Amino acid sequence: LFDKEKSYIRVLQLKENINDFVLKEFIHWNECKSKVYFNKKNEPHIYHGTYQIHLEKLSDKQTRVSIIVSDSGIIYGTKLPVLPNMIRVNKLKAMPPTTVEEYEILQIIGRGLGVKDMPSIKIPNKIIVQSPPPLPD
């Protein structure tokens with residue numbers, strides 16, 4: 001689940017981040033239809049982001065887990081295929097993190113550790129996000 005691409009090596013090599021992980025493209029392994037960002041038709045946008053799981057040792061029996069989000073936003077469509085590979089590319093719009101996805105990751109970690117009493121997610125009010133106007137030719 002974690003990615004040590006060159007762009008994250010500096011973050012992960014900092015002393016305070018030595019035990020951290022980076023989840024890039026959380027949407028590939030967790031169907032991440034936004035619970036907050038919707039289009040005019042009341043359909044959820046696909047939410048994307050890069051998530052750093054920050055681990056901080058508090059004692060021999062306690063670790064604090066924090067989720068740090070970067071490059072967050074929504075996918076609101078695809079662009080026409082472009083050369084040289086002729087593949088469609090997602091249209092992205094930067095949006096602030098919602099805390100929902102971060103807590104979903106904490107729940108996944110909690111389930112993996114056998115935690116059974118984590119509170120349920122509190123979903124904020126819906127935000128309608130219209131697609132940006134097309135770029136001029």
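Here, residue 1 is the first one in the sequence, and each next residue gets the next number. Just so you know, these numbers use all the heavy atoms, side chains as well, and skip hydrogens, waters and symmetry mates. All figures in this text were calculated on a predicted structure; none of them were measured in a lab.
Judged by distance alone, with hydrogens and angles left aside, the side-chain atoms of Gln107 form no donor-acceptor pair with the main-chain N or O of Glu104 at under 3.5 Å. Judged by distance alone, with hydrogens and angles left aside, the side-chain atoms of Asn39 form no donor-acceptor pair with the main-chain N or O of Pro44 at under 3.5 Å.
Considering CD1 of Ile127 and NE2 of His45, their distance stands at 10.5 Å, rounded to 0.5 Å. With rounding to the nearest 0.5 Å, the separation of OH in Tyr51 from OG in Ser66 is 15.0 Å. Between the CE atom of Met95 and the OG atom of Ser34 there is a distance of 8.5 Å, given to the nearest 0.5 Å.
Between Ile109 and Val65, some side-chain heavy-atom pair lies under the 4.5 Å cut-off. Pro119 places a side-chain heavy atom less than 4.5 Å from the side chain of Tyr103. Counting heavy atoms from C-beta outward, Arg64 and Leu55 have side chains that stay 4.5 Å or more apart. Leu58 is not listed as a side-chain neighbour of Thr63, based on a closest heavy-atom distance of 4.5 Å or more. Side-chain contact between Val36 and Val100 is present, with heavy atoms from C-beta onward closer than 4.5 Å. Looking at heavy atoms from C-beta onward, Lys35 lies out of side-chain contact with Thr98 at the 4.5 angstrom threshold.
Residues Ile108 and Ile68 are members of separate hydrophobic clusters, defined by side-chain heavy-atom contacts under 4.5 angstrom among Ile, Leu, Val, Met, Phe, Trp and Tyr. Placement of Tyr47 and Phe38 in two distinct hydrophobic clusters is found when ILVMFWY residues are connected by side-chain heavy-atom separations under 4.5 Å, directly or transitively. Residues Leu92 and Ile128 do not share a hydrophobic cluster, defined by chaining ILVMFWY side chains whose heavy atoms lie under 4.5 Å apart.
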For Gln52 and Ile67, run side-chain contact (heavy atoms from CB on, under 4.5 Å): C-alpha distance rounded to whole Å, both residues' side-chain angles, the deciding distance at 0.1 Å, then the answer. CA-CA 6 Å; Gln52 176 185 347; Ile67 309 298; over 6 Å; no
Show the numbers, then the answer: is there a side-chain contact (heavy atoms from CB on, under 4.5 Å) between Ile46 and Lys33? CA-CA 5 Å; Ile46 301 297; Lys33 290 184 179 178; 3.7 Å; yes
Determine, step by step, whether Glu101 and Val69 satisfy the side-chain contact (heavy atoms from CB on, under 4.5 Å) criterion, reporting the C-alpha distance in whole Å, the side-chain angles of both residues, the deciding distance to 0.1 Å, and the verdict. CA-CA 9 Å; Glu101 293 78 18; Val69 182; over 6 Å; no
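Nearest heavy-atom pair across His54 and Asp20 is ND1-OD2, 2.7 Å. Closest approach of Met118 to Gly110, counting heavy atoms only: SD-CA, 3.8 Å.
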